[in-house]
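This structure is in structure tokens; I'll ask about it shortly.
As the structure is a computational prediction, the values presented were derived from the model and not from experiment.
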Amino acid sequence: MDQQPPQYPPSGPQPPYYQGSGPQPPQFPSSDSQPFPYQGPGSQPPQYPPSGSQPFPYQGSGPQPPYYQPMMPPPPPKKRNGWLIGIIVGVVVLLVACSVIGFFAFRAIGQTAANINSLATITVPAITPQATDQATSQTTPQGPSQSSQHHQVGETIAADATWTVTVHSVKTSQGTDIEKPDAGKTYLLIDVTVKNTSSQSQPSSSLLQFTLRDSSGQQINETIATFVPNAPNGNVEAGGQIRGTLVYQVPTGTNTYTLAFDPSLTSQTSVIWDIHVT
């Protein structure tokens, strides 16, 4: 009788028993079934854990294979102090902004100081006796006694060797529908011309050179009105002149004033005109 070939179990949970003669052949589990004890001859083969499971002691014959510790993931990078960097950048930007603002502020202050110094510093040429006699015959005498002599509207007076001033006319105004004086006051408008008779360009300032006072000596501040020509302010070249209108708010009904012209901030004399309002 022929010997029957070995039978292998089909895929499934339980393998069938061998039905031929002789020793039973080894049984192998299918790919989707659970492993079962080895039944062939010899010692049992080594068992290996499935992927992803914990390692367990080696059970085969011979020396135990080395065990390698799984690699640990690298630690996460430390977070940077972003808020500290932001504060430092903000401080730097603030310092730069303050430096720029300070530079332009000091520049403006220096320019203003230079204008004032140029107004205060006036070069007075040497006057010979002959020139002194000629100037005395044409204008009021120079010196402290000049402030005691008053002039009338319409006169042209040489205040010093640099400035010659003319008061052309005086009038009052109630302004316009848009621009009016304060209650109980009226606009006093004084038309003047200042001429630079020196050999150098000179700055003219109505606020620093002209002063209006009432009969009691009270000073009246200059005001601004857009419906009249501008005040005589600006740089006047050598031999040139500038004309404008001085504007003041005075009490209604007050008729007597004095207008003084100071050639410079350091001058000790003034030229004075009597102002009568009709």
Side-chain angles (χ1 to χ4, degrees), residues 104-124 146-147 150-151 153-173 175-176 179-182 185-198 200-238 240-251 254 256-277:
F104 285 104
F106 280 112
R107 183 178 180 182
I109 294 173
Q111 186 175 3
T112 303
N115 293 336
I116 294 177
N117 289 334
S118 64
L119 179 63
T121 304
I122 299 177
T123 303
V124 180
Q146 183 182 3
S147 61
H150 291 200
H151 305 277
V153 174
E155 294 186 35
T156 299
I157 306 299
D160 63 355
T162 302
W163 297 110
T164 298
V165 184
T166 303
V167 177
H168 298 284
S169 63
V170 176
K171 64 180 181 179
T172 59
S173 174
T176 63
E179 198 169 7
K180 293 182 177 297
D182 297 338
K185 293 186 177 182
T186 185
Y187 286 120
L188 178 62
L189 311 179
I190 305 177
D191 183 12
V192 299
T193 295
V194 291
K195 182 178 181 179
N196 178 15
T197 57
S198 69
Q200 297 179 354
S201 177
Q202 301 291 341
S204 173
S205 173
S206 62
L207 183 63
L208 298 178
Q209 294 177 300
F210 287 95
T211 303
L212 182 71
R213 290 184 173 88
D214 59 15
S215 57
S216 65
Q218 180 67 36
Q219 181 176 340
I220 301 174
N221 295 327
E222 185 180 0
T223 188
I224 298 176
T226 60
F227 62 92
V228 294
N230 294 331
N233 295 318
N235 200 45
V236 184
E237 61 183 3
Q241 63 183 17
I242 184 171
R243 184 171 181 173
T245 302
L246 306 176
V247 183
Y248 303 92
Q249 286 195 41
V250 297
T254 304
T256 302
Y257 301 93
T258 58
L259 179 66
F261 176 82
D262 297 313
S264 68
L265 296 177
T266 58
S267 63
Q268 298 179 355
T269 59
S270 300
V271 181
I272 301 175
W273 287 263
D274 291 327
I275 304 298
H276 299 283
V277 180

May I have the step-by-step check of side-chain contact (heavy atoms from CB on, under 4.5 Å) for W273 and V170, ending in yes or no?
CA-CA 11 Å; W273 287 263; V170 176; over 6 Å; no
Could you tell me which residues satisfy salt bridge (Lys or Arg N to Asp or Glu O under 4.0 Å) with D262, sequence neighbours excluded, listed by chain and number?
none
Is there side-chain contact between N233 and P203, with heavy atoms separated by less than 4.5 Å?
no
Can you list everything that forms a ring-ring contact (aromatic ring centres under 6.0 Å, His included) with Y187? Sequence neighbours excluded, please.
F227
Contact summary for I220 and Q249, nearest pair of heavy atoms
CG2-O, 3.7 Å
Which heavy atom of S198 sits nearest to which heavy atom of A238, and what is that distance?
O-CB, 3.4 Å
Heavy-atom closest pair, residues T256 and H276
OG1-ND1, 4.1 Å
Contact between N196 and T162 at the side-chain level, heavy atoms closer than 4.5 Å - yes or no?
yes
Please work out whether the ring planes of F261 and W163 are parallel, tilted or perpendicular, with thresholds of 30° and 60°.
perpendicular
L212 and L188, any side-chain heavy atoms less than 4.5 Å apart:
yes
Side-chain contact, heavy-atom cut-off 4.5 Å: N221 with Q219?
yes
Any side-chain heavy atom of Y248 sitting closer than 4.5 Å to one from I275?
no
Evaluate the side-chain proximity of V194 to F210: yes if any heavy-atom separation is below 4.5 Å, no if none is.
yes
What pairs with R243 under salt bridge (Lys or Arg N to Asp or Glu O under 4.0 Å), at least two apart in sequence or on another chain?
D191
